[in-house]
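The structure under discussion appears below in the form of structure tokens.
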Amino acid sequence: MKSKLSEMMSLDMSLSTLNKVNNQDIEPLKRNVMPLLSWDIFRQYDNLLQDKLQLKKDIDFVKAYANKAKWKNELNVIFKNKDFEALVITDLNQKIVWVNDGFTQMTGYTKKEAIDRTPTFLQGKNTSVKTRKNIRQQLNKLEPFTEIITNYRKDNSPYECEVKIFPLYNKEVTHFLAIEREII
């Protein structure tokens, strides 16, 4: 107990010396010091900004991929006002050819673990058979659609995922783009 008290007193004394530098009072400088709460808010803002920059980078990657594949989709319209965490591009056979970092964060699976697999590897015991069937039917129509599905992370924990799927085409459909977000 005595050591705790002396530690607290030492800390108090150390903190009190911070008010003076070279024996000069720094009270006038305190006006410019931000409280810790300001740093917390700044950090939250910085994290949001970094997330937005990463999403922009992901969208730019998809647009570059689209140019290379000569897709005629209006990607700006697809991405306008879309809230998403994960992006997945599959080929016509629904084999994954690319995922963004958001996919890894949401599912726990690395890009390497996802590539060349179909998104069905994320499904599990509580994934609705009706939802699976509906997704297959919608994919065959080759039209954009939205579905909510129960998927499973790598650690086997379930999550509800809103998936918006867009067929990507040049002369005909060649790929699908899934824009996904976890529903909380």
Side-chain angles (χ1 to χ4, degrees), residues 34-124 126-127 131-132 134-135 138-139 142-170 173-184:
M34 287 194 281
L36 186 56
L37 181 61
S38 295
W39 289 106
D40 292 343
I41 291 170
F42 172 77
R43 188 69 195 136
Q44 286 176 332
Y45 173 75
D46 186 53
N47 287 343
L48 283 172
L49 186 60
Q50 291 300 320
D51 290 347
K52 285 186 184 232
L53 289 173
Q54 183 60 49
L55 293 178
K56 183 183 179 328
K57 182 179 164 188
D58 293 339
I59 291 169
D60 289 344
F61 178 86
V62 172
K63 287 179 179 179
Y65 202 108
N67 278 343
K68 192 174 181 180
K70 297 183 180 9
W71 293 328
K72 296 179 181 178
N73 299 75
E74 291 291 330
L75 293 177
N76 288 330
V77 173
I78 290 174
F79 287 116
K80 186 178 180 176
N81 299 325
K82 299 290 189 265
D83 183 26
F84 64 89
E85 297 163 48
L87 294 174
V88 179
I89 297 176
T90 65
D91 64 14
L92 203 52
N93 296 317
Q94 298 154 26
K95 273 194 169 180
I96 297 172
V97 296
W98 178 81
V99 297
N100 69 341
D101 291 337
F103 175 88
T104 297
Q105 291 169 359
M106 188 167 68
T107 67
Y109 288 98
T110 65
K111 292 178 180 190
K112 189 174 181 179
E113 291 171 315
I115 301 297
D116 288 330
R117 296 174 85 174
T118 65
T120 58
F121 84 94
L122 298 169
Q123 298 170 7
N126 291 330
T127 305
T131 301
R132 290 181 200 194
N134 190 42
I135 289 174
Q138 294 294 335
L139 287 170
L142 302 177
E143 294 176 1
F145 68 94
T146 301
E147 189 68 57
I148 295 175
I149 187 167
T150 301
N151 278 340
Y152 288 81
R153 293 181 181 85
K154 187 174 182 176
D155 68 5
N156 223 13
S157 61
Y159 66 99
E160 294 297 307
C161 185
E162 178 186 66
V163 183
K164 295 180 182 189
I165 298 180
F166 299 88
L168 301 171
Y169 64 93
N170 42 42
V173 173
T174 62
H175 291 78
F176 294 98
L177 170 65
I179 297 176
E180 304 179 3
R181 71 180 180 93
E182 184 176 355
I183 299 173
I184 298 174

Quick one: closest heavy-atom pair of Ala66 and Leu75, and the distance?
CB-CD1, 3.4 Å
Give a yes or no answer on whether the side chain of Asp155 reaches the backbone of Ser157 with a donor-acceptor pair at less than 3.5 Å.
yes
Minimum side-chain heavy-atom gap Pro119-Thr90 below 4.5 Å:
yes
Value rounded to 0.5 Å, distance of CD in Glu143 from CD1 in Ile165:
13.0 Å
Note, Glu180 side chain near Cys161 side chain (heavy atom, < 4.5 Å):
yes
Backbone of Lys95 reached by a side-chain donor or acceptor of Asn93 within 3.5 Å:
no
Compare every heavy atom of Ala86 with every heavy atom of Met106, then report the nearest pair and how far apart it is.
CE-CB, 3.5 Å
Taken to the nearest 0.5 Å, the spacing of Glu147 CD from Arg132 CZ works out to 12.5 Å
Note, Val88 side chain near Leu177 side chain (heavy atom, < 4.5 Å)
no
Rounded to the nearest 0.5 Å, how far does CG of Asp83 lie from CG of Leu55?
8.5 Å
Ile89 side chain reached by Phe176 side chain, heavy atoms, under 4.5 Å:
no
Heavy-atom closest pair, residues Pro167 and Pro144:
CD-N, 3.6 Å
Is there a donor-acceptor pair under 3.5 Å between the side chain of Gln138 and the backbone N or O of Ile135?
no
Atom pair CD (Glu85) and CZ (Phe103), whose distance is rounded to the nearest 0.5 Å
12.0 Å
What I want to check is whether the side chains of Thr146 and Glu162 have a donor and an acceptor closer together than 3.5 Å.
no
In chain order, what residues pass the ring-ring contact (aromatic ring centres under 6.0 Å, His included) check against Phe166, with sequence neighbours excluded?
none
Can you list everything that forms a ring-ring contact (aromatic ring centres under 6.0 Å, His included) with Trp71? Sequence neighbours excluded, please.
Tyr65, His175
For Pro158 and Tyr152, which heavy atoms make the closest approach, and how far apart are they?
CB-CE2, 3.6 Å
Are any of the side-chain heavy atoms of Thr131 and Ile148 separated by less than 4.5 Å?
no
The test is side-chain contact (heavy atoms from CB on, under 4.5 Å); show your working for Val163 and Ile149 and say whether it passes.
CA-CA 8 Å; Val163 183; Ile149 187 167; 4.0 Å; yes
Taking atom types as modelled, find out whether Gln123 and Asn151 have a side-chain donor-acceptor pair closer than 3.5 angstrom.
no
Flag the pair Leu87 / Phe61 as yes when at least one side-chain heavy-atom distance between them is below 4.5 Å, and no otherwise.
no
How far does OH of Tyr109 sit from CZ of Phe121, to the nearest 0.5 angstrom?
6.0 Å
Between Glu160 and Arg181, is there a salt bridge with N-O shorter than 4.0 Å?
no
Just do the side-chain hydrogen bond (donor to acceptor under 3.5 Å, both in side chains) check on Lys63 and Asn76 with the steps written out, would you?
CA-CA 9 Å; Lys63 287 179 179 179; Asn76 288 330; 2.5 Å; yes
Partners passing side chain to side chain contact (heavy atoms under 4.5 Å, CB included) against Lys111 (at least two apart in sequence or in another chain)
Val99, Asp101, Thr104
Hey, are the side chains of Val62 and Trp98 touching, using non-hydrogen atoms and a 4.5 Å cut-off?
yes
Please tell me if the side chains of Thr118 and Ile96 come closer than 4.5 Å, counting only heavy atoms from C-beta onward.
no
Looking at NZ of Lys72 and CG of Leu168, how far apart are the two atoms once the value is rounded to the nearest 0.5 Å?
13.5 Å
Nearest heavy-atom approach of Asn170 to Ala69 is ND2-O, 3.1 Å
Is there a donor-acceptor pair under 3.5 Å between the side chain of Asn126 and the backbone N or O of Thr150?
no
Derivation and outcome, side-chain contact (heavy atoms from CB on, under 4.5 Å), residues Glu182 and Arg153
CA-CA 11 Å; Glu182 184 176 355; Arg153 293 181 181 85; 2.7 Å; yes
